[in-house]
Amino acid sequence: MMTLFDPDNTPAHQAPTGGPIIMDGRRPDGERPGGYQSPLLEGLNPQQREAVEYRGPALLIIAGAGSGKTSVLTRRIASLLETREAWPSQILAITFTNKAAAEMQGRVKAILGQGADGMWISTFHSSCVRILRREAENAGLSASFSIYDSADTKVTLKRIIKSLDADTLGFTPGNASAKISKLKNELADVDSYSRNANMSDPQEVMFVEIFRQYTQRLRAANALDFDDLIGETVYLFRAFPKVAALYRRRFRHILVDEYQDTNHAQYSLVRELTRPVDPELADEMEATGVHVRNLRDATGGIPGASLTVVGDSDQSIYAFRGADTRNITEFERDFPGTKVILLEQNYRSTQNILSAANAVIGHNFDRKDKKLWSAGGDGEKIVGFTAYSGHDEAQFVADEIEVLHSAGMAYRDMAVFYRTNAQTRALEEILVRSAVPYRVVGGTKFYERAEIKDALAYLISVANPNDELALRRILNTPKRGIGPATETGLASFAEANQISFRQAMRDCASLGLGPKVTGAILKLAALLDEAALKIDPANPAGQANVSELLTFLLDGSGLLTLLRGSRDPQDEARAENIEELVAQTKDFNKENPDSGLVDFLTQVSLVAAADDLDDASGTVSLMTLHTAKGLEYEAVFLTGVEEGLLPHQMSANEPGGPAEERRLFYVGITRARQRLYLSLAMTRAQFGDINVAMPSRYLQEIPVALIDWKQSPGMANSRGGTQPRALNARRDGFGGGFAKRGEPQALPPAPKPKTEWTNRVSQVRDNGDLTLAAGDRIRHVDFGDGRVNQVTGDGTKRIAHVQFDTAGAKKLLIKIAPIEKI
DNA sequence: AGGTACATACTTTTT
DNA sequence: GTATGTACCT
């Protein structure tokens, strides 16, 4: 994966940007005959066609959801290559996920074949790692630097906060890392921050100290966190104009997808890369043998690369991560001479789905009005469903999935979205029970499992001996009798003698520890040293590949063997996971024969949630709304459309929060091609107890005629007049009472029980002080008769555990459940 | 050093 | 309801 490029490897006769097509006949795939009509434009509408063909310094493509932007971007790249306006190596395309990058690379290759090799199509983070590893020395790093994920960052901060007693001032690893991340996204560092900090505020002083120590620890460990990857690359370019010039010269066409979600650091990176090269620097490059002649303009410098960005401010959902839509709204100002192209025709969804999406997003003010439209017809109505609980909602989803499946839709064409990862539990429980094949995309990722992180820490310790975090992780994993006391002893020994933790391990004999402990430490140090020798380029015995190295470390440490021998049944699963990792390293060796340990670790560090999405798996996909961005499915279930969840409680106080949540809802809606299901629950279990939920404010923004409520939220208005606002502001035209949920589920195109939701606050369901005890028999509106087995909780949160005669066991919130005693 | 038992606080979204 | 932290025991 990590094919490092040589800035000098591009031929001297390369075509200047935007210049005439060079038909030099030196490329084997041959000349095009005159009058040749490129198939690249086939099937494109006029706007898409222009987006492919336009040439100029800057192009902004405002691409509504489903408007075919990936296709446009792909064909634009193919067009640049096909016309010989650019060599593959001159193209840098930035996507949001590695998966999107791989897909784009595949599509361009499918069009052009071999002529596509050498392009950089990757994420911001991957591109930056590539640059930083190559230029590590200038950045003050070694090329095998570690990449810290958020968990690593938190562990580091936790240690710092503990040593500073900063928790007394309210610092937690969570809030400190959030603040540091935010600053780094703004390209601030400790020094620039402390210059403007209010140092009379003790909390501020403490934060600066935390930030400083954190920066120092990462430096000492030869490590960068996610945000550093971008920031350090920008710093590198700013501090070393000659290094920057190499990349500015190389990348003549830069394309950025999902531009609305770029933050300031990423914006700055794009800026740096698209700056022109001064004539003097160009002279200097030429003098050192870098081919620049064909690139130089009248002034003798190299003009800035052409920049294409694609985005949609309505789909900006990463403000919490520093994304700034001003990057897109002010693009024309930032890059004078920008051409703007609007793609509004949607090729994905039915008109009903689009009308709902338009209506929802129309409630955000401060946006350029943009209406998606489709030529594909209205399609089915959106299906709405109000469940009694999260489990009930999950059951609805499972049932509808089965309905769709038996009507011929493949599982892989369906997806279930939710706002928070915590919602997966109920869904998974029911899907397992209903035997629906599913896959959770993202969530707790494979590489975040403890045993995998342990195994990886062994590899990291070999690749980067300065990584104290990784060393301390494996110090007593598996158990070697090295406790926390010994660990801190080693750390302070290292600190006092200005040596690395690793060296401290080698020298631990002078620490006067017990013979057993000393022996254990020395054995581990020797194991790591021996492993390092196996990948030392100077080793005459040759190089071990990643899987050989991992196997060696696992054997030497006994990690896998001990898990195998354990009686704990969970350890068996852990052992299997480690075996899976070994298998992955073997695959990696096979697919990347020229890549080594550091490349493998890089790849592992930068996998995104959506990356491990396997299209071939015949399963329903479960994911958060954030992960869903950029994907599409025939049928989409958008669950938990409730106040407090969507919009999420946490966003309520943040400026722009509710608007961002609305965009999130909009993103979810627009993922659906044919069928869209919106569901919510009247009560939701969280924190171990059950809370009453209210329909999301966004639901009332969808025109009533577009939704067919299988069960309306009318009965959600069941708490007296306490709620601030009823679901739908209109007070007329909503007759009807409670909807009845048909037994198990209605059949496919089902005669839909037309149930409009009602809005009358007077319609209160409140069982008041209804008391139930074990043994009572009750009747439930939907579940029929049943017997109370147990009552738990108290006050308004009393729960009856009921065994229904036909519907099975359920838990009901007594106060609001549609039940009566019989 | 390491295990167990109980208490506690936390849950937004992610490269 | 879970993951983490503390106290106490072996």
Side-chain angles (χ1 to χ4, degrees), chain A residues 94-101 122-129 147-151 153-155 158 162 167 172-175 177-178 181 184-185 224-231 258 261-263 265-266 316-323 390 417-426 429 441-445 447-448 450 475-476 478-487 513-514 516-517 520 568 602 604-611 623-629 640 644-654 657 660-661 663-665 667-668 684-691:
Chain A
I94 304 285
T95 57
F96 199 67
T97 62
N98 294 300
K99 179 170 183 280
S122 59
T123 63
F124 270 111
H125 291 85
S126 300
S127 306
C128 287
V129 171
I147 300 168
Y148 279 11
D149 66 14
S150 7
T153 292
K154 292 217 172 84
V155 171
K158 195 171 173 181
K162 196 166 183 190
D167 52 333
T172 64
N175 62 30
S177 84
S181 172
K184 287 186 175 180
N185 286 332
L224 297 178
D225 64 23
F226 279 136
D227 302 312
D228 287 334
L229 296 178
I230 316 288
E258 308 283 11
D261 283 323
T262 51
N263 59 35
Q266 291 164 333
S316 167
I317 53 174
Y318 283 101
F320 72 92
R321 210 168 78 186
F417 300 157
Y418 36 83
R419 177 65 233 268
T420 66
N421 283 307
Q423 288 166 255
T424 49
R425 192 178 309 138
E429 239 171 69
V441 181
T444 346
K445 281 169 268 171
Y447 296 111
E448 284 169 10
L475 193 61
N476 199 30
K479 301 266 181 290
R480 302 188 169 88
I482 305 171
T486 311
E487 187 186 329
L513 297 159
K516 246 170 137 181
V517 180
D568 185 342
T602 302
V604 166
S605 301
L606 298 179
V607 287
D611 290 341
M623 68 190 82
T624 65
L625 284 164
H626 284 88
T627 305
K629 191 177 74 156
L645 213 47
L646 188 70
H648 195 277
Q649 195 59 51
M650 289 304 198
S651 73
N653 314 319
E654 289 167 27
E660 173 144 323
E661 299 281 308
R663 290 193 292 271
L664 201 48
F665 187 44
V667 165
R684 196 166 286 278
Q686 53 188 171
F687 259 126
D689 58 19
I690 294 171
N691 296 310

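Remember, it's a predicted structure, so these values are computed and weren't measured experimentally. When reading the values below, keep in mind they use all heavy atoms of this one structure, side chains included, and skip hydrogens, waters and symmetry mates.
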Step through it carefully: locate the ring centre of A:H626, locate the ring centre of A:F320, and say whether they are under 6.0 Å apart. yes
Would you please indicate if the ring centroids of A:F226 and A:F124 are separated by under 6.0 Å? no
From OH of A:Y318 across to P of B:dT12 the rounded distance in Å is 16 Å
Those residues at least two apart in sequence (or on a different chain) that pass salt bridge (Lys or Arg N to Asp or Glu O under 4.0 Å) with A:D227 are none
A:E448 atom CD is separated from B:dT14 atom P, nearest whole Å, by 10 Å
Which protein N or O atoms sit under 3.5 Å from an N or O of nucleotides 2-8 of chain C?
from: C:dG5; atom 1: OP1; to: A:K158; atom 2: NZ; distance (Å): 2.4

Open item on the list: For B:dT14 and A:N421 - does any side-chain N or O of the residue sit under 4.0 Å from the phosphate oxygens OP1/OP2?
Closed with: yes
Exercise. Describe the nucleic acid contact of A:F124 in one word from base, sugar-phosphate, nothing, applying a heavy-atom distance below 4.0 Å.
Key: nothing
Rounded distance in Å between the P positions of B:dT13 and C:dT4: 16 Å
Query raised in the report: With a centroid cutoff of 5.5 Å and a plane-angle limit of 30°, would you call A:F96 stacked on B:dT15?
Result: no
Rounded to whole Å, CE of A:M650 lies from C1' of B:dT13 at a distance of 12 Å
Ignoring backbone atoms, test whether A:S150 places a side-chain nitrogen or oxygen under 4.0 Å from the OP1 or OP2 oxygen of B:dT15. no
Looking at A:H648 and B:dT12, is any side-chain donor or acceptor paired with a base atom of the opposite kind under 3.5 Å?
no
In short, A:N476 meets A:G481 closest at the heavy-atom pair OD1-N, 3.3 Å
A:I94 atom CD1 is separated from B:dT15 atom C1', nearest whole Å, by 13 Å
| query | How about A:T153 and A:S177: does a side-chain donor come under 3.5 Å of a side-chain acceptor? | reply | no
Residues at least two apart in sequence or cross-chain that pass salt bridge (Lys or Arg N to Asp or Glu O under 4.0 Å) with A:E258, listed by chain then number, are A:K69, A:K629
Exactly one candidate in A:I230, A:D228, A:T123 meets side chain to side chain contact (heavy atoms under 4.5 Å, CB included) with A:C128; the answer is A:I230
Those residues at least two apart in sequence (or on a different chain) that pass salt bridge (Lys or Arg N to Asp or Glu O under 4.0 Å) with A:R321 are none
Checklist entry - Can you tell me if A:T424 and A:N421 form a side-chain donor-acceptor pair at under 3.5 Å? => result no
Protein N or O to nucleotides 1-4 of chain B N or O, pairs below 3.5 Å:
from: B:dA1; atom 1: OP1; to: A:T486; atom 2: OG1; distance (Å): 3.1
from: B:dG2; atom 1: OP1; to: A:G481; atom 2: N; distance (Å): 3.0
from: B:dG2; atom 1: OP2; to: A:N476; atom 2: ND2; distance (Å): 3.1

A:D261 atom CG is separated from B:dT15 atom P, nearest whole Å, by 12 Å
**OP:** Indicate whether OP1 or OP2 belonging to B:dT14 is found under 4.0 Å from a side-chain N or O atom of A:T627.
**Re:** yes
By salt bridge (Lys or Arg N to Asp or Glu O under 4.0 Å), A:E487 pairs with (sequence neighbours left out) A:R159, A:R472
Rounded to whole Å, CD of A:E660 lies from C1' of B:dT12 at a distance of 11 Å
A:H626 NE2 to B:dT14 C1', in whole Å, measures 8 Å
Between CG of A:N175 and P of B:dT11 the distance, given in whole Å, is 10 Å
A:F226 has its side chain closest, among B:dT14, B:dT15, B:dT12, to B:dT15
